[in-house]
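One is the number of the first residue; the rest follow in order along the sequence. Just so we're clear, the structure is a prediction, and the values are computed from it rather than from any experiment.
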Amino acid sequence: MTEAGGAAAVSELRELGAALRRWAPDGVGVVRVLARHGFGTVESGQLVAGTAGGSVAGVLYRGALDDAVLPLAEAAVSAAHTREAHVAEAAAVHAGLACAGGATLLGHPLPAAPATALGEALERGVPAALISTVQGAGAIVLTGPELGSAHGSLGAPELDAQAAEAARGLLRRGATATERVPAGAGELLVDVWVPKPSVLVAGAGAIGEALLAQAALLGWEARAETGLEAVHSAVAGFTDADVLVLLDHAPAFDVVLVDALRRGRGFIGALGSRRTQAARRERLLAAGLTEAELGRMHGPVGLDLGARTPAETAVSIVAQVVAVRYGRAGSALAAGDGRIG
């Protein structure tokens, strides 16, 4: 995915999440993909939400199936339905798909509590899962770094437990996924959304270049900005999946840190010596930040790997991002007794 395409996908998910959260109290239906053939390479986690009044958010297969999806989203508010949809070659290519194809669509209600939880997670860039039976009976939403918060139910504790196990198994792959998995006497449809970190390097230099290269190696999106206004604007739109690495020590960038730490979204890291960190800390306290807000800043950013070169420093920084993302301390695997991988 290109940087522009990735940014658009993140924006679409955030808009879908905001709509879900907003519509949840009045009733929401969702449309998901049970099966497909053709279309070429397409992303998992396709989702559309709709209301009884005909409002719709999200998109399936670049809108090529809208004739089937839009009425299904409205009908799904009150009951579960399945529908077959097909797209001819010319229409598929016009929509930006590789080729013709077809899909079996599932529309089903999403009760207020799980709809709100899913909306908040997608809007904030937090890992989330939506699970139902393939008939659309019941729905459970799991959210959080380890999908530890559950909202809703499939109707039986053992089925809820199987759903959670399947979703967390997909989460460990580290990528958004849609799969059908056996459970009980039937199957579950599992959608898992795993936001990719998006790294903003504020400043210039060898470490910044190494960070961009390291992020690319991991499949993360990354860009560098040196202007205060550009950095401030970008951080204002952060989700929890976004990362700021501040290389510039200029006090002018304190305003970015103040706003970012108060908003409480994303990984906020700042490079600099102990003296630089101490001086920055005093300025931020004087600007009105609380100790709790300051505690969210990772400075000096990076794990203590003994890094010497810019490339090694970049490794230490992305290693800390990964550790924080999954709630780990960043210690040696041999020192712990938890699950590996």
Side-chain angles (χ1 to χ4, degrees), residues 1-21 43-47 57-58 116-130 141-149 167-168 170-178 191-202 211-212 214-225 230-246 256-257 259-270 296-298 301-303 314 317-328 330:
M1 181 184 296
T2 65
E3 181 176 332
V10 170
S11 178
E12 288 171 3
L13 272 182
R14 290 183 66 183
E15 291 172 5
L16 172 59
L20 273 170
R21 179 179 50 76
E43 295 178 24
S44 299
Q46 305 265 335
L47 182 70
T116 299
L118 180 60
E120 290 176 348
L122 294 179
E123 190 175 15
R124 287 184 61 96
V126 174
L130 169 60
V141 166
L142 307 173
T143 62
E146 300 292 335
L147 299 181
S149 298
R168 289 167 187 150
L170 292 179
L171 176 69
R172 286 193 288 272
R173 298 181 186 176
T176 294
T178 298
D191 281 301
V192 176
W193 292 272
V194 183
K196 283 186 180 182
S198 177
V199 180
L200 173 64
V201 177
L211 269 171
L212 296 179
Q214 185 65 42
L217 181 64
L218 294 170
W220 299 356
E221 293 171 20
R223 70 187 190 279
E225 298 283 358
V231 172
H232 201 179
S233 175
V235 173
F238 263 22
T239 70
D240 282 2
D242 295 319
V243 177
L244 169 68
V245 180
L246 179 59
V256 174
L257 295 175
D259 288 354
L261 295 172
R262 281 180 175 161
R263 288 184 74 249
R265 294 191 178 184
F267 176 103
I268 309 300
R296 292 194 58 255
M297 185 172 71
H298 303 279
V301 66
L303 297 182
I317 292 171
V318 298
Q320 186 180 33
V321 172
V322 172
V324 170
R325 181 176 170 82
Y326 294 111
R328 301 299 178 91

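Rounding to the nearest 0.5 angstrom, the gap separating the CD atom in E146 from the CZ atom in R172 is 8.5 Å. With rounding to the nearest 0.5 angstrom, the CG atom of L142 is 10.5 Å from the CG atom of L118. The CD1 atom of I268 lies 8.0 Å from the NE2 atom of H298; values are rounded to the nearest 0.5 Å. Summarising the geometry, atom OG1 belonging to T176 is positioned 8.0 Å from atom CD belonging to E43; distances are rounded to the nearest 0.5 Å. Between the CG atom of L200 and the CD atom of E221 there is a distance of 12.5 Å, given to the nearest 0.5 Å. Note that the CG atom of L47 and the CD atom of E12 stand 12.0 Å from one another [nearest 0.5 Å].
In this structure a side-chain-to-backbone donor-acceptor pair under 3.5 Å is missing from R124 to G17. The backbone N or O of D191 lies less than 3.5 Å from no partner atom in the side chain of T178, so there is not a single donor-acceptor pair. Listed for the R14 side chain is a donor-acceptor partner under 3.5 Å among the backbone atoms of G237. In this structure, R168 contributes its side chain and L147 its backbone to a donor-acceptor pair below 3.5 Å.
Annotation for L16 and A57: closest pair CD1-O, 3.6 Å, computed over non-hydrogen atoms. Scanning all heavy atoms of the two residues, the minimum distance from P127 to P145 falls at CG-CA, 4.2 Å. Looking at every heavy atom in both residues, R325 comes nearest to V194 through NH2-CG1, 3.7 Å. Of all heavy-atom pairs between Q320 and F267, the closest is OE1-CZ, 3.7 Å. Smallest separation of non-hydrogen atoms from D242 and S198: OD1-CB, 3.2 Å. Here the closest non-hydrogen pair linking V243 and P197 is CG2-CB, 4.4 Å.
Residues V199 and I317 have side chains not in contact (no heavy-atom distance under 4.5 Å, counting atoms from C-beta outward). Contact of the L244 side chain with the V256 side chain is registered, since non-hydrogen atoms from C-beta on lie closer than 4.5 Å. By the 4.5 Å heavy-atom criterion applied to side chains, L257 and M297 are counted as neighbours. Two residues are said to be in side-chain contact when any heavy atoms from C-beta on lie closer than 4.5 Å; V201 and L212 meet this criterion.
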